[in-house]
Amino acid sequence: MAVLNKIRQRSVFLIIIIALALFAFVLADVIRNGGMSSQKSQNVIAEVNGEEISREDFARQVEAMQRNMGPNATTSQVVNQVWEFKLREVILKEEFEKLGINVGEAQVKQLLRSQLAGNPNFTNEAGLVDDNRLQEYVANLKATSPQAYQQWVAYEDNIAESARENIYYNMIRAGVGATSLEGEQAYRFANDNIDLKFVQVPYTSIPDSEVSVSKDEIRDYIKSHSKRFKVEKSRDIQFVFFPETASTEDEAEAKQAVEEVLTSRVQFNAETNANDTISGFKNATDIAAFVNQNSDIPYQDRFIFREQLNSDFADQIFNLEKGELYGPYKEAGYWKVSKLVEARQMADSAKASHIMIAWEGLPTAGGTTRTKDAAKALADSLAGVVRKDKAKFEALTAQYSDDAATKETGGDLGYFGPGQMIGGFNDFVFENNPGAIGVVETDFGFHVISIGEKTDEERAVKIATIAREIEPSEQSLNDLYTQVTSFEMAAKDKGFADVAKTENLEVKTVKDIKPLEENIPGLGPQRRIVQWAFEDGVKSGDINRFEIPGGYVLAQVTAVKKEGVMTAENASAVVTPILLKEKKAALIKEKISGSNLAEIAKNQNASVQNASAVNLKNPTLAGAGSEPEVVGTVFSLEPGEVSKPITGEKGVYVVELVAINKAPAMESYRSFANQETAVRRQEVTTRVFEALKGSAKIEDNRAKFY
């Protein structure tokens with residue numbers, strides 16, 4: 001009782017303590033998740049110039065785009081495409097509002113008419129879009145299918161948005177052009193040319209050992225060209241892939257499974273309380289059923305020729321006698337046994353024509369109400385007519401055939417090989433002689449078939465194969481998991497690369513992975529690994545295990561690179577050659593001496609070279625390649641004048657201008673100005689949007705959600 005009394009006396013104090021503890025817990029969670037704005041961060045996928053893009057809205061568009069692009073498109077591909085659409089929409093919307101660009105209802109209707117012209121659902125007898133039909137269609141959608149109606153509304157919105165874009169870009173295009181002076185400049189660039197002589201002293205004449213570049217020099221260059229070396233945040237990783245592989249025991253088990261079905265065996269039947277004799281592969285009568293029951297690869301009931309038998313053991317299998325077995329043999333991850341079911345002489349291709357007669361209920365029936373019996377009677381009748389007069393085949397095809405693809409070409413199917421046509425059709429063509437006419441029933445209808453040409457016959461075989469895949473057992477998978485776990489623990493303790501080297505495992509490195517990338521060289525699409533590398537709190541040296549199709553990946557982050565400017569180490573591969581070239585150019589210029597090209601060439605152990613008809617549009621020197629800086633400098637010289645040493649792309653040049661060949665003046669340069677105008681206007685859409693995107697303030701959080 002005394003204790004309870006003390007608790008009652010201090011109840012207010014206890015409540016305050018509990019409240020403070022709860023507050024501290026909530027505050028820690030808020031800080032961990034990005035502060036008080038964490039709720040916003042969970043619902044906003046991006047912010048563009050202050051406008052938020054909702055995560056829910058973005059996700060709906062991603063789902064719709066995924067349906068349109070199909071299953072082959074990866075999530076990252078879809079997300080990136082939706083992002084470009086959304087970015088364009090938000091950025092351009094802001095421009096439209098600034099300029100007051102709007103599209104009225106009448107304008108949208110006019111655009112709809114032009115887009116729907118030719119669609120029989122919306123046009124009248126005169127071929128024009130009927131507004132009443134259009135309104136009726138939209139009203140029916142709204143009443144019967146809300147989802148389809150929303151798609152229609154989105155379609156109209158897209159039309160309006162496209163119209164606003166066209167107005168916006170057309171306004172800009174109207175202000176883009178080229179003057180007559182610019183037209184003349186374009187004409188001169190392409191048609192004025194020069195003849196010159198030059199001496200080239202290549203940079204390779206200075207050994208790399210004579211020049212060096214320090215990290216401070218690289219840093220200074222980066223600082224002077226910081227825009228060029230801006231980088232977004234990225235990660236470097238290294239990883240080891242542990243594939244799921246079958247053990248020798250697993251391989252032996254697959255081989256044994258194949259061997260067990262080769263011969264007949266006795267098996268106790270609990271239902272009859274007696275022993276049953278189970279036929280083996282050698283004695284099986286229903287080959288298709290036996291293979292499909294005992295093989296991991298289904299039976300293919302078709303004849304093949306030697307060149308079609310894609311096997312490392314093709315000769316041995318192809319030359320078997322009927323009923324003879326070959327194997328077991330290991331091939332492409334399977335243990336197999338093959339049996340020659342049948343061999344015959346057969347043409348490897350044939351040409352045929354057909355008249356297809358469908359009946360009501362078939363997918364090929366179209367609008368016919370013909371019964372199956374009526375279809376059979378018609379097909380037999382047509383076959384009888386054609387047997388008497390083959391010249392009528394083409395006309396009868398046009399009149400009666402339900403095969404729209406060949407109806408207008410006399411039923412001609414061209415050349416095809418065995419197994420390319422549906423069963424009964426194939427058998428008739430390859431089992432009969434050229435000129436034969438017959439009626440065959442298939443899932444598409446009755447076919448009146450006329451066999452045309454056939455190639456010379458050669459040996460063809462029908463092969464049945466029992467195959468068992470060599471795959472890792474549960475024990476092998478457990479052993480692999482143990483190996484991966486052991487490596488992970490050791491790598492965290494002793495070092496990733498050291499443990500991999502000890503265990504003779506290949507370590508692969510990937511540098512500069514960006515937040516929204518998904519492909520990892522050597523692994524393919526692995527978005528989960530990329531997301532982990534960019535998670536808050538993941539630092540250089542962290543290791544994580546991932547289960548992927550076909551095995552495990554153990555990955556380690558080796559570098560966390562923040563957004564900003566490249567470090568000297570990362571930029572070295574780009575900057576070092578530039579600075580080396582500058583230093584070599586300075587050394588070469590110091591060594592160049594002589595009053596004319598001949599002396600300079602002699603002193604530099606080089607030769608005087610000639611170049612003719614060189615222009616500014618294509619500033620290429622024969623034997624030296626593209627040298628715009630050199631050619632541009634020479635155009636400023638007078639004939640006979642020798643230049644000072646010029647730093648070029650491949651070396652240092654001293655040039656003498658031989659002659660300037662001016663193109664004749666034109667009365668008007670308007671055609672060249674028009675060409676320049678057309679080129680510039682074609683680039684408006686891309687260049688304007690890229691400029692707007694470059695100046696926009698964009699906070700992109702996609703990597704947190706996808």
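All of these numbers come straight from a predicted model, not from anything done at the bench. The basis for the numbers below is simple: all heavy atoms, side chains too, and nothing from hydrogens, waters or symmetry mates.
Between V48 and E94, every side-chain heavy-atom pair lies at or beyond the 4.5 Å cut-off. Between R55 and F705, the closest side-chain pair of non-hydrogen atoms falls below 4.5 Å. In this structure, E699 and V44 have side chains that are not in contact, with every pair of non-hydrogen atoms separated by 4.5 Å or more.
The number of heavy atoms from other shown groups lying within 6.0 Å of NZ (K589) is above 12. Within 6.0 Å of atom CZ in R670, more than 12 heavy atoms from other residues, nucleotides or ligands are found, so the atom counts as buried in its surroundings. Heavy-atom neighbours of N68 CG from other residues, nucleotides or ligands within 6.0 Å: above the threshold of 12. More than 12 heavy atoms of other residues, nucleotides or ligands sit less than 6.0 Å from atom CD of E569. The 12-atom threshold is not exceeded at NZ of K93, counting heavy atoms of other residues, nucleotides or ligands nearer than 6.0 Å. For E84, the CD atom is densely surrounded, since the number of other residues' heavy atoms within 6.0 Å is greater than 12.
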When you look at D216 and R219, which way does the salt bridge (Lys or Arg N to Asp or Glu O under 4.0 Å) test go after all the steps? CA-CA 5 Å; D216 285 339; R219 291 190 188 97; 3.0 Å; yes
Quick one, S671 with N674, criterion side-chain hydrogen bond (donor to acceptor under 3.5 Å, both in side chains). Give me CA distance, side-chain angles, the key distance, then yes/no. CA-CA 5 Å; S671 61; N674 290 340; over 6 Å; no
Run the salt bridge (Lys or Arg N to Asp or Glu O under 4.0 Å) check on R60 and E63 step by step: do they pass? CA-CA 5 Å; R60 280 194 295 270; E63 289 174 9; over 6 Å; no
Trace of the salt bridge (Lys or Arg N to Asp or Glu O under 4.0 Å) decision for E217 with K583: CA-CA 12 Å; E217 288 174 319; K583 291 190 173 188; 2.8 Å; yes
side-chain hydrogen bond (donor to acceptor under 3.5 Å, both in side chains) evaluation trace for T74 with E518: CA-CA 9 Å; T74 66; E518 64 173 347; 2.5 Å; yes
Pair F229-V575, side-chain contact (heavy atoms from CB on, under 4.5 Å): steps then yes or no: CA-CA 10 Å; F229 294 96; V575 177; 3.4 Å; yes
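Shown here for L141 and A148, the closest heavy-atom pair between the two residues is CD2-CB, 3.7 Å. Closest non-hydrogen pair, P515 versus A703, comes out as O-CB, 3.7 Å. When all heavy atoms of P577 and V574 are compared, the closest pair comes out as CD-O, 3.4 Å. Scanning both residues, E676 and A178, for their nearest heavy atoms gives CB-CB, 3.6 Å. Scanning both residues, P645 and V652, for their nearest heavy atoms gives CB-CG1, 3.8 Å. When every heavy atom of L657 is checked against every heavy atom of L637, the shortest pair comes out as CD2-O, 3.2 Å.
Side chains of D57 and Q61: a donor on one and an acceptor on the other come within 3.5 Å. Residues Q531 and Y706 have side chains that never bring a donor and an acceptor to within less than 3.5 angstrom of each other. A donor-acceptor pair shorter than 3.5 Å cannot be found between the side chains of N615 and R188. At a cut-off of 3.5 Å, with distance as the only test, no side-chain donor of Q609 or Y653 sits close to an acceptor on the other residue. Checked by atom type, the side-chain pair N618/T620 shows a donor-acceptor distance below 3.5 Å.
At least one donor-acceptor pair under 3.5 Å links the side chain of N170 to the backbone N or O of N166. Of the possible polar contacts, one joining the T576 side chain to the S572 backbone as a donor-acceptor pair under 3.5 Å is found. The backbone N or O of V176 sits less than 3.5 Å from a side-chain atom of R681, completing a donor-acceptor pair. No donor-acceptor pair under 3.5 Å is formed between the side chain of K197 and the backbone N or O of N610. Using modelled atom types, no side-chain atom of Q150 and backbone atom of A154 make a donor-acceptor pair closer than 3.5 Å. In this structure, S540 contributes its side chain and T558 its backbone to a donor-acceptor pair below 3.5 Å. A donor-acceptor distance shorter than 3.5 angstrom exists from the side chain of Q604 to the backbone of K591, with no hydrogens or angles considered. With E52 contributing its side chain and I45 its backbone, the two residues share no donor-acceptor pair below 3.5 Å.
Judged as a side-chain hydrogen bond (donor to acceptor under 3.5 Å, both in side chains), and not counting sequence neighbours, the contacts of T685 are R173. Residues that satisfy the ring-ring contact (aromatic ring centres under 6.0 Å, His included) test with F672, not counting sequence neighbours, are Y187. The ring-ring contact (aromatic ring centres under 6.0 Å, His included) search around W83 returns none, not counting sequence neighbours. In terms of the side-chain hydrogen bond (donor to acceptor under 3.5 Å, both in side chains) criterion, Y137 has no residue partners (sequence neighbours excluded). Applying the side-chain hydrogen bond (donor to acceptor under 3.5 Å, both in side chains) criterion to N596, with sequence neighbours excluded, gives no partner residue. In this structure E667 satisfies the salt bridge (charged side-chain N to carboxylate O under 4.0 Å, His left out) test with no other residue, sequence neighbours excluded. In terms of the ring-ring contact (aromatic ring centres under 6.0 Å, His included) criterion, residue partners of Y221 (sequence neighbours excluded) are, by chain and number, H225. With sequence neighbours excluded, no residue forms a ring-ring contact (aromatic ring centres under 6.0 Å, His included) with F635.
Aromatic ring centres of Y155 and W152: separated by under 6.0 Å.
Remark: E690 does not engage R687 in a salt bridge, criterion side-chain N to carboxylate O under 4.0 Å. E47 has no carboxylate O lying under 4.0 Å from a charged side-chain N of K697, or vice versa, which leaves the two without a salt bridge. Ionic pairing of E683 and R680 is not present here: no N-O contact between side-chain nitrogen and carboxylate oxygen is shorter than 4.0 angstrom.
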Side-chain donor-acceptor distances from residues 403-411 under 3.5 Å, at least two apart:
residue: D403; atom: OD1; partner: A405; partner atom: N; Å: 3.1
residue: D403; atom: OD2; partner: H354; partner atom: NE2; Å: 2.9
residue: D403; atom: OD2; partner: T406; partner atom: OG1; Å: 2.9
residue: K407; atom: NZ; partner: A398; partner atom: O; Å: 3.0
residue: K407; atom: NZ; partner: S401; partner atom: O; Å: 2.9
residue: T409; atom: OG1; partner: T406; partner atom: O; Å: 3.2

Compile the donor-acceptor pairs under 3.5 Å between side chains in residues 103-111 and protein atoms, sequence neighbours left out, one pair per line.
residue: Q110; atom: OE1; partner: R113; partner atom: NH1; Å: 3.2

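The list of salt bridge (charged side-chain N to carboxylate O under 4.0 Å, His left out) pairs with a residue in residues 224-237, not counting sequence neighbours, reads D236-K511, D236-K561. A salt bridge (charged side-chain N to carboxylate O under 4.0 Å, His left out) check over residues 154-168, counting only residues at least two apart or in different chains, returns the pairs E161-R164.
With rounding to the nearest 0.5 Å, the separation of CD in E641 from OG in S636 is 7.5 Å. We find the NZ-OG1 distance between K650 and T204 to be 11.5 Å, quoted to the nearest 0.5 Å.
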